[in-house]
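All residue numbers refer to positions in the sequence shown, counting from 1. Treat the numbers as computed from the prediction; the structure is a model and nothing was measured.
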Amino acid sequence: MPGVAKELKEKIGEILFTHDQIQARIVEMGKEITEFYRKPENSDSDLVVIGLLKGSILFLADIIRHIAVPFKMDLMAVSSYSGTSSTGTIKVKKDLDFDAQGKHILIVEDLIDTGNTLAWLTNMLKSRNPKSVRIASLLDKKERRTQEVEVHFVGFECPDKFVVGYGMDFDEEYRGMPFVGVLKPEAYAHLSSKH
Ligand code: IMP
Ligand code: MG
């Protein structure tokens, strides 16, 4: 496959969502988002689209090309993850450049797993008095949820497997793969003590 290192490709057991499937779904999601923010009650103040670093970057770059309403873009970095398991503590590593007050906020995320990150972030942003906070996530691992989060725009439901590619990493690798795949267990066995 062009553009994917053979060393990485070898460690992929299964492709869950191909590049074409992802792109087709993003076109649909863009329409859903556009329609939603065209409504008078959702377009009465600025829309700020916030990408969460680093996992959302490919999804962000693609989805913003299909959001056909005016918006400003910003990036945030929060972290709760190391290796393949959540550490449970959330830190803001990069905050917004914008003042959230009075804005319609759309958080763009790669994947919602336990919901810890987004539940925490949604609450934190709501405390800054925005008009609204909504979430668009490419993938949703619904069965893993331990914290309730309302995800307004979902690309695909994702099985309970560790996935990489299309922005998502394992120890900072695999982010550039144009598809979402599942790692073979042996590819992360050496880190299983972190589970
Ligand atoms: P949550 O707080 O448990 O919902 O997980 C938050 C973040 O962990 C997600 O946005 C991802 O960046 C990362 N994450 C969760 N599951 C996976 C996975 O299977 N592969 C790569 N990253 C993941
Ligand atoms: Mg993420």
Side-chain angles (χ1 to χ4, degrees), residues 22 25-82 85-158 163 166-169 172 175:
I22 295 170
R25 183 68 190 113
I26 284 176
V27 172
E28 292 172 357
M29 288 182 87
K31 286 186 185 144
E32 291 166 24
I33 293 170
T34 299
E35 205 172 296
F36 185 84
Y37 286 105
R38 277 268 170 231
K39 289 182 184 159
E41 65 272 29
N42 300 326
S43 56
D44 54 354
S45 60
D46 285 349
L47 171 63
V48 181
V49 176
I50 301 174
L52 291 194
L53 294 172
K54 301 170 197 169
S56 78
I57 56 162
L58 269 66
F59 179 44
L60 178 71
D62 286 337
I63 193 77
I64 60 174
R65 283 178 263 196
H66 296 280
I67 302 180
V69 292
F71 62 87
K72 302 181 185 204
M73 204 202 84
D74 206 346
L75 296 167
M76 272 189 97
V78 298
S79 87
S80 67
Y81 240 74
S82 87
S85 70
S86 177
T87 58
T89 355
I90 295 164
K91 280 187 275 195
V92 176
K93 299 209 276 186
K94 189 220 165 281
D95 207 333
L96 293 177
D97 297 331
F98 287 103
D99 183 358
Q101 179 150 3
K103 311 284 197 310
H104 289 292
I105 290 177
L106 179 65
I107 302 170
V108 172
E109 175 63 311
D110 50 357
L111 192 160
I112 310 203
D113 186 32
T114 62
N116 287 342
T117 311
L118 266 297
W120 183 87
L121 185 62
T122 306
N123 281 335
M124 194 276 266
L125 290 173
K126 281 186 175 165
S127 72
R128 298 178 180 182
N129 298 317
K131 267 251 155 90
S132 65
V133 180
R134 296 198 164 80
I135 298 168
S137 184
L138 180 71
L139 303 179
D140 186 356
K141 281 190 197 169
K142 259 196 175 144
E143 56 189 294
R144 292 260 310 160
R145 204 73 96 252
T146 55
Q147 291 239 28
E148 212 177 303
V149 205
E150 197 182 347
V151 193
H152 301 81
F153 307 98
V154 176
F156 302 98
E157 282 197 23
C158 183
V163 296
Y166 198 68
M168 288 166 279
D169 74 310
E172 294 303 327
R175 291 196 197 274

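Between E143 atom CD and D113 atom CG the span is 10.0 Å, to the nearest 0.5 Å. Rounding to the nearest 0.5 angstrom, the gap separating the CD1 atom in I63 from the CZ atom in R25 is 8.5 Å. The distance from the NE2 atom of H104 to the CG atom of L47 is 8.0 Å, given to the nearest 0.5 Å. For the atom pair CG of D110 and CG of D169, the computed distance is 8.5 Å after rounding to the nearest 0.5 Å. Residue I112 holds its CD1 atom at 13.0 Å from CZ of R144, rounded to the nearest 0.5 Å. We find the CG-CD1 distance between L121 and I107 to be 4.5 Å, quoted to the nearest 0.5 Å.
Atom CD of E32 is surrounded by more than 12 heavy atoms from other residues, nucleotides or ligands within 6.0 Å. For CD of Q147, the number of neighbouring non-hydrogen atoms (other residues, nucleotides, ligands) closer than 6.0 Å is greater than 12. Atom CD of E148 has 12 or fewer neighbouring heavy atoms from other residues, nucleotides or ligands inside a 6.0 Å radius. Counting heavy-atom neighbours within 6.0 Å of K72 NZ, excluding the residue itself, gives a total of 12 or less.
For the pair M29 and V154, the tightest heavy-atom approach, listed with the atom from each and the gap, is CE-C, 3.6 Å. Closest heavy-atom contact between A100 and I105: CB-CD1, 3.6 Å. Residues L125 and L96 come closest through the heavy atom pair CD2-CD1, 3.9 Å. Closest heavy-atom contact between S45 and G102: OG-O, 2.8 Å. Nearest approach of N42 to R134, heavy atoms of both residues: OD1-NH1, 4.1 Å. Heavy atoms only, all atoms of each residue included: A136 and I33 are closest at CB-CD1, 4.2 Å.
Contact of the M168 side chain with the L139 side chain is registered, since non-hydrogen atoms from C-beta on lie closer than 4.5 Å. For the pair Y166/D62, a side-chain contact is recorded, criterion being any heavy-atom separation below 4.5 Å from C-beta on. Taking the side chain as every heavy atom from C-beta outward, V92 and M76 approach each other to under 4.5 Å. No side-chain heavy atom of V151 sits under 4.5 Å from any side-chain heavy atom of E109.
Between the H152 side chain and the I135 main chain, a donor and an acceptor come within less than 3.5 Å of each other. Side-chain N or O atoms of R145 include none that pairs as donor or acceptor with a backbone N or O of G115 at under 3.5 Å. Under a 3.5 Å cut-off, the side chain of D74 and the backbone N or O of D97 do form a donor-acceptor pair. When atom types are taken as modelled, the side chain of K93 and the backbone of S79 share no donor-acceptor pair closer than 3.5 angstrom.
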- Task: I would like to know whether H66 and T34 meet side-chain contact (heavy atoms from CB on, under 4.5 Å); could you show each step before the answer?
- Result: CA-CA 8 Å; H66 296 280; T34 299; over 6 Å; no

- Run the numbers on V163 and C158 for side-chain contact (heavy atoms from CB on, under 4.5 Å), then give the verdict. CA-CA 9 Å; V163 296; C158 183; 3.9 Å; yes

- Determine, step by step, whether R38 and S43 satisfy the side-chain contact (heavy atoms from CB on, under 4.5 Å) criterion, reporting the C-alpha distance in whole Å, the side-chain angles of both residues, the deciding distance to 0.1 Å, and the verdict. CA-CA 6 Å; R38 277 268 170 231; S43 56; over 6 Å; no

- Message: What verdict does the salt bridge (Lys or Arg N to Asp or Glu O under 4.0 Å) test give for D46 and K103, after you've listed the backbone C-alpha separation in whole Å, the side-chain angles of each residue and the deciding distance to 0.1 Å?
- Response: CA-CA 5 Å; D46 285 349; K103 311 284 197 310; 5.3 Å; no

- Task: Evaluate side-chain contact (heavy atoms from CB on, under 4.5 Å) for V69 paired with F36, printing each intermediate quantity in order.
- Result: CA-CA 10 Å; V69 292; F36 185 84; over 6 Å; no

Please tabulate, one pair per line, all N/O donor-acceptor pairs under 3.5 Å involving side-chain atoms of residues 48-61, not counting sequence neighbours.
residue : atom : partner : partner atom : Å
K54     : NZ   : E172    : OE1          : 3.1
K54     : NZ   : E172    : OE2          : 3.4
S56     : OG   : L52     : N            : 3.0
S56     : OG   : L52     : O            : 2.8

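Partners of K126 by side chain to side chain contact (heavy atoms under 4.5 Å, CB included), not counting sequence neighbours, listed by chain and number: T122, V133.
Ring-plane geometry between Y37 and F153 is classed as tilted, the angle between the planes lying from 30 to 60 degrees on a 0 to 90 degree scale.
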